[in-house]
Amino acid sequence: MISLETYLEKAWSRYVQITPDAPKVHGLLEGRGEKVLNDHIAFRTFNLPGIGRHEVGAIFERWGYRKSGEVLEFPEKKLKANYWLHERDEFPKVFVSELLLEEVSSGLRAWIEEITKPWKGRKIGADDLLQTNWEPIDYASYEKFYSESEYAAWTAAFGIQLNHFTVSINHLKTFSGIHELNGFLQANGIVLNEAGGLVKGTPSELLEQSSTKARKVDCEFSDGKHEILGCYYEFAKRYPIPGTDRLFEGFIPKSADKIFESTYDQKKS
Ligand code: NI
């Protein structure tokens, strides 16, 4: 099995292909002398045997991660998520959500089951996170199911690859906080997601988050290339748990719910 460091490096190379703003932001921060560390990385998948959220998380357990006991629920989007933590600060938390197929329409469920057929009887491994996971889907189905679940359409189109990296604002030295960072990015032409306000969460909730807005990128479909929304780059600032010197390390469902919408196509929703 490859090392965690190598995996993260390769995952970044794949991620920037669907998130053209990420290397731009990275360059802007490095230009100020910052060294960028990630707060968390995130995956999207389906609750099917072999590729569910616990199986994806198990890959990281082999790299020394431990699963937090907390289960996060997103009833409106029909998702559940868990997160995994590493004791070394330089390794990002891992957030894995999955679509609950028993809660979607029978048409959408049948489509996902068809696409993921190659996974029958197999279990996902580290290498699978760095390559395509099934045959390209057809664009008409992508369009058809997008309106029911953007999450399902995105995952069907891109597979179980890393969905986003998140800059840890706590590790930045030249910004007073998330508002100054957002202002700097906007002044440099980066478009941020304003669903639910520019900043999700508050210091009293112990986590503030913002993100870029996903841009259109080429994606391979069974009938050729089409432009669809890729992914976003996220920013997170954590606060200490009152009465302790430990930073809050969880997630806030109502904030994450809006962050998920960074990949929404306004024209379609
Ligand atoms: Ni995130």
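Since the model is a prediction, treat every value here as computed from it, not as a measurement. Computed from heavy atoms alone, side chains included, the values below leave out hydrogens, waters and symmetry copies. Note that ligands are numbered from 1 as they come in the structure, with each ligand's atoms numbered from 1 the same way.
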Open item on the list: A side-chain contact here means heavy atoms from C-beta on lying under 4.5 Å apart; do C219 and I18 qualify?
Closed with: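 Sidechains of I18 and C219: no contact.
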TODO: May I ask you to check if R44 and W154 form a cation-pi contact, with NZ or CZ under 6.0 angstrom from the six-membered ring centre and within 45° of the axis?
DONE: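 Positive - R44 is close enough to the ring of W154 and near enough to its axis.
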Open item on the list: Any donor-acceptor pair under 3.5 Å linking the side-chain atoms of Q209 with those of D39?
Closed with: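 Not at all, the side chains of D39 and Q209 share no donor-acceptor pair under 3.5 Å.
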Open item on the list: Less than 3.5 Å apart, any donor N or O on the side chain of D21 or T212 sitting next to an acceptor on the other?
Closed with: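 D21 vs T212: no donor-acceptor pair found between side chains.
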Task: Least distance between heavy atoms, S13 atom then Q17 atom - done: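 Looking at all heavy atoms of both residues, the shortest contact is O-NE2, 3.4 Å.
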TODO: Check which protein N, O or S atoms are less than 2.8 Å from the Ni ion (ligand 1) and report how many there are.
DONE: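 There are 3 of them.
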Open item on the list: If the threshold is 4.0 Å, N to carboxylate O, is there a salt bridge linking D128 and R122?
Closed with: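 A salt bridge is present here (some side-chain N lies under 4.0 Å from a carboxylate O).
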